[in-house]
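Heavy-atom basis, side chains included; hydrogens, waters and symmetry copies ignored.
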Amino acid sequence: MVFNSYTFIAFFIAILILHNLPFSWKTKKVNLLLASYLFYAAWNPPFILLLWLSTVVDFYVGKALYTQENPYKKKLLLVLSLIGNLGMLCFFKYGTFLLENFVSLSNLIGFNYNPAIPTIILPAGISFYTFTTLCYTIDMYKKRSEPVKSLLDFSLFVTFFPHLVAGPIVRPPQLVPQFETPRVASRKQMMDGLLLLSLGLFMKVVLADSMLSETADAVFNSQSMLPFLDAWIGVFAFSGQIFLDFAGYSTCAIGVALCLGFVLPQNFNYPYAAIGFSDFWKRWHITLSSWLRDYLYIPLGGSRNGQLRTYYALMMTMLIGGLWHGANWTFVAWGGLHGLYLWVEKFFRDRRSADSDENGMKNNSITGFSYALLTFMLVNITWVFFRSDSFGKSYQMLQAMFGIINVGKPILTTLAILKVALVIPAIILFHWFMRNTKVLDVAHKMSWWSLGVVWSFLILFLIWAQESGSSFIYFQF
């Protein structure tokens with residue numbers, strides 16, 4: 001089930017009605033849990049068993065980790081949890097990828113090994129709920145927080161339908177306490193939630209799908225050589241599409257949760273206004289960035305053990321972060337390129353006062369905006385690897401973008417180019433002027449009639465573009 005469907009609208013109305021009826025709080029939580037399983041079952045019902053197994057095992061393992069005093073048994077429990085969670089993730093998401101690479105390596109060294117390649121269906125959202133349960137067991141091992149008392153609360157924490165399939169990735173302290181006491185949205189929360197839901201759907205359906213997706217698909221699916229302009233327009237289109245698609249989903253998820261009285265963490269903060277790459281990763285997919293920082297970068301040494309260790313931790317974090325996105329070496333290259341950018345940025349910042357440099361950019365809007373544009377352009381180069389299905393396609397795109405070849409015939413219409421030329425500058429300017437504020441803060445300052453006009457336009461555009469909706473990009477990750 002996807003947010004941009006009539007099925008979800010009917011589902012959500014039913015949930016809102018049930019949640020606001022005078023049932024006991026436990027009954028309401030059971031309703032939300034069943035609704036979350038139903039939401040997930042809309043993709044592939046048998047995978048509910050996998051989700052349920054992960055939930056139950058980690059609930060009891062987490063309790064045992066917290067109370068176990070024997071260091072050997074405690075480590076054994078953690079290892080079992082890691083094997084269980086990462087084992088399922090590796091099998092379903094990377095099984096075919098690992099087998100294909102093993103076969104290629106075997107053939108390279110002279111072994112003629114050609115097994116049948118299995119067909120493995122990827123469960124929706126497995127990367128997200130695996131990271132959600134992993135952080136719980138690791139936190140229990142390190143006693144960062146107390147174990148969840150109720151299996152019902154823990155199950156709802158893992159499967160709560162707004163964040164289940166594509167985040168935000170939540171930590172137990174962020175959500176579990178909200179399940180401990182009765183919650184129903186206030187009038188203000190309901191209006192804010194519906195506004196965010198409308199805005200998220202507008203970003204996804206109207207802008208990402210109607211304005212940009214066809215152009216990005218046409219360019220990246222093209223089998224012919226591309227001219228310079230078409231290559232850049234296609235990359236810009238995908239750059240806007242993936243932001244609007246994923247940030248649109250996160251905005252919908254936060255809005256839906258708010259309508260039920262729950263608060264989810266922010267996941268995007270105008271990333272295309274980032275000044276540099278450390279700033280970019282503080283603004284893009286924030287919950288994943290913080291997860292990788294706390295559970296990977298810092299355990300690898302972080303910035304505590306000298307520059308070389310820091311560079312190693314940075315690159316390993318970004319490479320694994322790239323692989324998390326998909327079972328293809330192009331995703332690893334995407335992560336590695338971001339790691340390289342972070343290396344270069346750190347190298348120069350270590351040789352001057354990062355604090356004064358950043359303050360100078362903030363005080364000089366022209367300089368700051370220029371750095372933001374440079375960051376945006378370099379990020380676009382990384383998107384080539386993210387969107388391409390092979391290094392051959394990536395190389396072909398980069399050749400066209402940098403004028404190494406320019407023999408292709410144009411494939412994009414004038415209308416397609418104009419759509420991208422309209423949307424992308426609008427995104428960059430909107431991000432820049434909004435980089436230090438929030439949409440809801442702006443909405444709260446608007447008069448009721450001006451907000452009503454804007455909201456009406458969002459709804460009208462959604463009605464106009466209703467046939468353009470497709471599944472969210474990050475569902476495949």
Enquirer: Taking NZ, NE, NH1 and NH2 as the nitrogens, is one of them in Asp153 or Lys26 under 4.0 Å from a carboxylate oxygen of the other?
Expert: no
Enquirer: Aromatic contact between Phe161 and Phe11, with the criterion being ring centroids under 6.0 Å apart: yes or no?
Expert: yes
Enquirer: Taking Arg144 first and then Asp294, would you say they form a salt bridge - that is, a charged N and a carboxylate O separated by under 4.0 Å?
Expert: no
Enquirer: Between Asp139 and Arg171, does any NZ, NE, NH1 or NH2 come within less than 4.0 Å of an OD or OE carboxylate oxygen?
Expert: no
Enquirer: For the residue pair Tyr272 and Phe280, categorise the inter-ring angle as parallel (less than 30°), tilted (30 to 60°) or perpendicular (more than 60°).
Expert: parallel
Enquirer: Would Thr7 and Ser5 count as having a side-chain donor-acceptor pair, cut-off 3.5 Å?
Expert: no
Enquirer: Do the side-chain N and O atoms of Trp232 and Asn380 include a donor-acceptor pair separated by under 3.5 angstrom?
Expert: no
Enquirer: Would you say the side-chain atoms of His19 pair up with the backbone N or O of Arg183, donor to acceptor, closer than 3.5 Å?
Expert: yes
Enquirer: Would you tell me whether Asn85 and Thr133 have side-chain atoms, one donor and one acceptor, within less than 3.5 Å of each other?
Expert: yes
Enquirer: Look at the side chain of Ser222 and the backbone N and O of Val219, then say whether any donor-acceptor pair between them is shorter than 3.5 Å.
Expert: no
Enquirer: Do Tyr341 and Thr382 have a side chain donor and acceptor closer than 3.5 Å?
Expert: no
Enquirer: What do you reckon, are the aromatic ring centroids of Phe331 and Trp334 less than 6.0 Å apart?
Expert: no
Enquirer: Between Phe97 and Trp329, is the gap from one ring center to the other below 6.0 Å?
Expert: yes
Enquirer: Can you tell me if Ser198 and Trp455 form a side-chain donor-acceptor pair at under 3.5 Å?
Expert: yes
Enquirer: Would you say Lys93 and Ser127 are linked by a side-chain donor-acceptor pair, where the criterion is simply a distance under 3.5 Å?
Expert: yes
Enquirer: Could Lys393 and Asp389 be called an ion pair, given the rule that one side-chain N must be under 4.0 Å from one carboxylate O?
Expert: no
